[in-house]
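Here's the structure, in structure tokens; my notes come after.
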Amino acid sequence: MTEPIALVTGASRGLGCALAELLGRTHHVIAVARTVGALENLDDRIKGAGGTVTLAPTDLTEDTATQELCRAIYDRWGRIDLWVHTAIHAGSLSPVGHLDPQDWQQSIAVNLEATFRLVSYLTPLLVTRASVVFFDDADKFGAKFFGAYGSTKASQISFVRSWAAETTKTGPLVRILSPQPMATALRARFFPGEDIGKLATAMAEANRILPEILLVNGTK
């Protein structure tokens with residue numbers, strides 16, 4: 001396969017889904033998420049537009065499943081040219097003294113441990129000129145009631161910043177982008193009742209930031 005390979009983790013909805021659909025125009029997309037039905041809908045849209053996609057339903061909190069995913073990518077393609085990571089767990093808003101222990105552990109499992117494993121397992125697959133894109137959510141860091149989400153997301157971004165600094169000369173090129181507020185299911189959990197008419201759609205935001213992603217990747 002000569003077309004570039006784009007891995008999108010968290011591709012079933014929101015920004016990840018929109019970016020996967022758009023990337024299908026220029027890349028072969030490997031779409032990763034837990035929700036099979038949503039991935040199948042994405043598959044229909046990408047193929048309907050003439051693109052190619054491989055669906056990879058995977059629970060990224062399971063180490064064995066993540067290893068199998070990365071091994072399958074190696075066996076079939078041997079490389080990744082672009083990795084876009086949007087998989088996230090949005091814990092319920094709660095005062096820190098009342099956080100649900102299970103919600104806390106899931107926030108750690110998805111936002112931190114899954115990120116660590118993916119970086120470890122994907123590094124050998126990322127070619128020197130590959131790009132990796134994460135997304136920050138800085139206004140939640142330290143905000144009231146965002147103890148679980150804000151702290152684990154901030155830790156994720158700190159981890160990625162270290163990786164970015166370490167790979168400046170060797171590659172891959174690791175970037176952290178700042179999306180605008182979007183009318184997504186994740187944001188609705190945080191701000192129920194918000195006037196979504198004032199927010200960007202996930203597709204509109206994906207279109208806005210896609211040129212930057214492709215420019216970073218050397219595709220454009």
Side-chain angles (χ1 to χ4, degrees), residues 7-17 19-20 30-39 42 55-73 83-123 125-126 132-164 166 174 176-179 181-194 202:
L7 172 68
V8 182
T9 41
S12 62
R13 56 188 175 182
L15 183 61
C17 183
L19 284 170
I30 305 169
V32 178
R34 290 186 298 178
T35 310
V36 176
L39 286 178
L42 174 66
L55 304 184
T58 306
D59 184 348
L60 296 175
T61 66
E62 296 183 1
D63 183 61
T64 299
T66 305
Q67 288 189 49
E68 291 174 351
L69 166 68
C70 297
R71 178 68 196 206
I73 294 172
W83 171 28
V84 177
H85 184 69
T86 63
I88 199 72
H89 176 70
S92 301
L93 298 187
S94 172
V96 294
H98 299 277
L99 286 171
D100 179 78
Q102 185 173 358
D103 210 9
W104 173 253
Q105 291 300 325
Q106 186 70 1
S107 297
I108 294 173
V110 176
N111 303 346
L112 289 178
E113 292 179 350
T115 301
F116 163 74
R117 279 195 296 272
L118 284 166
V119 171
S120 298
Y121 300 153
L122 292 176
T123 291
L125 290 167
L126 293 164
V132 179
V133 181
F134 280 75
F135 301 91
D136 72 13
D137 209 351
D139 63 328
K140 312 298 189 306
F141 301 170
K144 61 181 181 180
F145 308 128
F146 281 91
Y149 177 81
S151 60
T152 52
K153 182 64 178 177
S155 296
Q156 180 201 69
I157 294 303
S158 178
F159 176 80
V160 173
R161 283 175 178 158
S162 294
W163 187 30
E166 294 159 2
V174 180
I176 301 169
L177 303 182
S178 300
M182 293 167 284
T184 62
L186 184 149
R187 187 173 177 87
R189 290 195 63 188
F190 291 155
F191 303 106
E194 183 179 29

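Positions are given from 1 along the sequence.
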N/O donor-acceptor pair under 3.5 Å between Asn111 side chain and Ile88 backbone:
no

Got a donor-acceptor contact below 3.5 angstrom from the Thr152 side chain to the Ala148 backbone?
yes

Is any side-chain heavy atom of Asp139 closer than 4.5 Å to a side-chain heavy atom of Asp137?
yes

Distance-minimising heavy-atom pair for Leu42 and Ala20
CD2-CB, 3.8 Å

Tell me, do Met182 and Arg187 make a side-chain contact under 4.5 Å, heavy atoms counted?
no

Between the main-chain N or O of Ala56 and the side-chain N or O of Thr58, is there a donor-acceptor pair closer than 3.5 Å?
yes

Heavy-atom check, side chain of Leu126 versus side chain of Val132, under 4.5 Å:
yes

Taking all non-hydrogen atoms of both residues into account, name the closest pair between Pro179 and Leu15 and its distance.
CB-CD2, 4.2 Å

Phe191 vs Phe146 aromatic rings, parallel, tilted or perpendicular, using cut-offs 30° and 60°?
tilted

State, yes or no, whether a side-chain contact exists between Arg189 and Leu186 at a heavy-atom distance under 4.5 Å.
no

Can you tell me how far apart NZ (Lys153) and OG (Ser158) are? Round to the nearest 0.5 Å.
12.5 Å

Straight-line distance of Ile73 CD1 to Glu68 CD, nearest 0.5 Å
12.5 Å

Residues at least two apart in sequence or cross-chain that pass ring pair (Phe, Tyr, Trp, His ring centres under 6.0 Å) with Phe134, listed by chain then number, are Trp83, His85

Indicate yes or no: at least one non-hydrogen side-chain atom of Val160 is less than 4.5 angstrom from one of Ile176.
yes

If you count the non-hydrogen atoms of other residues, nucleotides and ligands that lie under 6.0 Å from CD in Glu166, is the total more than 12?
yes

With side chains defined as the heavy atoms from C-beta onward, is the minimum distance between Tyr149 and His89 less than 4.5 Å?
no

Heavy-atom distance under 4.5 Å between the side chains of Val110 and Leu60, does that happen here?
no

Donor-acceptor pair, distance only, cut-off 3.5 Å: does the side chain of Asp100 make one with the backbone of Asp103?
yes

Arg117 vs Asp63 side-chain heavy atoms within contact, under 4.5 Å
yes

If you measure from CG on Leu69 to OG1 on Thr9, what distance do you get to the nearest 0.5 Å?
9.0 Å

